[in-house]
Amino acid sequence: MTSKSIVRVGDPVLRSVAALVPDPTAPAIRQLIDDMVASLEEAGGIGLAAPQIGILQRVLIFWVPDARATNEPDDGPCPLTALINPVLEPLDDRMALGWEGCLSIPGLRGEVPRHLRMRVTATTPEGEPFEAIVAGTRARVLQHEVDHLDGILYLDRMTDFTRFGFTEEVHEAEAERRSRELT
Ligand code: NI
């Protein structure tokens with residue numbers, strides 16, 4: 001497996017719609033997933049979509065580390081998972097705000113409204129059907145990555161650009177806000 005460089009915002013590939021994968025068990029898809037895993041490991045982050053390494057195929061990988069999981073039912077830590085041809089369906093109208101970054105928009109963060117709970121259906125790399133209810137961080141990362149398959153970036157989903165900035169500045173401002181709330 002080979003780590004690929006991550007495509008950055010401005011490249012038209014990030015604004016293109018990725019193609020359905022006709023054969024999820026094809027060796028080329030196995031190779032693509034291996035390359036995505038290597039790329040995510042090198043770049044750091046909790047999710048990656050194939051267009052981010054320049055491949056317009058409907059493939060994503062994600063994981064949720066302990067520290068990132070919320071207390072929502074159907075959230076929680078989960079190991080690295082690859083999904084092919086994923087489809088998301090909101091389970092109700094509830095939305096949640098949360099901070100997101102993107103490996104294709106390095107150094108920046110924004111607060112993004114996302115559906116709280118979704119049903120995800122997909123195919124696994126073994127060719128098996130996959131279905132799950134996801135919430136919290138699991139739902140957020142999947143919405144972010146499926147958006148990449150449709151040429152959508154988290155910036156497009158933002159509603160308040162006063163909640164956007166460089167990671168360092170945003171963290172400082174958030175820490176300050178929290179300490180003011182405590183005093
Ligand atoms: Ni992203």
Side-chain angles (χ1 to χ4, degrees), residues 1-21 29 32-65 67-70 75 77-90 95-116 118 120 122 125 132 134-161 163-171 174:
M1 57 198 215
T2 319
S3 159
K4 307 281 183 194
S5 61
I6 310 273
V7 175
R8 298 200 301 177
V9 61
D11 190 313
V13 80
L14 292 176
R15 292 313 200 168
S16 306
V17 176
L20 278 170
V21 175
I29 296 300
L32 168 62
I33 291 168
D34 286 349
D35 289 348
M36 288 170 67
V37 170
S39 306
L40 184 64
E41 271 170 10
E42 184 167 311
I46 64 170
L48 190 71
Q52 292 182 277
I53 58 167
I55 306 294
L56 283 170
Q57 302 274 327
R58 300 190 81 83
V59 179
L60 65 80
I61 58 171
F62 77 102
W63 66 296
V64 178
R68 297 286 290 273
T70 68
D75 195 10
C78 77
L80 191 65
T81 303
L83 297 179
I84 297 152
N85 300 333
V87 174
L88 292 175
E89 177 197 337
M95 306 290 285
L97 278 172
W99 288 94
E100 294 182 23
C102 179
L103 292 171
S104 295
I105 311 170
L108 294 159
R109 287 279 179 283
E111 200 177 45
V112 187
R114 297 285 188 187
H115 290 285
L116 191 59
M118 312 278 288
V120 54
V134 291
T137 304
R138 290 184 186 178
R140 178 170 297 279
V141 65
L142 281 170
Q143 287 169 87
H144 180 117
E145 302 311 331
V146 169
D147 270 355
H148 274 302
L149 305 179
D150 291 319
I152 297 167
L153 300 173
Y154 78 83
L155 303 173
D156 309 336
R157 301 287 190 193
M158 286 186 63
T159 50
D160 179 359
F161 273 89
R163 310 285 284 164
F164 174 72
F166 287 96
T167 303
E168 219 171 284
E169 278 77 356
V170 162
H171 282 174
E174 282 295 290

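Remember, it's 1-based here, ligands and their atoms both numbered in the order they're listed. When a residue number appears, it is its place in the shown sequence, counting from 1.
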Exercise. Mark yes when over 12 heavy atoms from residues, nucleotides or ligands other than Glu89 sit less than 6.0 Å from its CD; otherwise mark no.
Key: yes
Quiz item: Which of these, Ile46, Leu83, Leu32, Leu48, sits in a side-chain contact (heavy atoms from CB on, under 4.5 Å) with Ile61?
Solution: Leu48
Quiz item: For the residue pair Leu97 and Pro113, what are the closest heavy atoms and their distance?
Solution: CD2-N, 3.7 Å
Quiz item: Is the shortest side-chain N to carboxylate O distance from Arg15 to Asp156 below 4.0 Å?
Solution: yes
Quiz item: For Pro90 and His115, which heavy atoms make the closest approach, and how far apart are they?
Solution: CB-ND1, 3.6 Å
Exercise. Work out how many protein N, O or S atoms lie closer to the Ni ion (ligand 1) than 2.8 Å.
Key: 3
Quiz item: Is the closest basic N to carboxylate O distance between Arg157 and Glu100 below 4.0 Å?
Solution: no
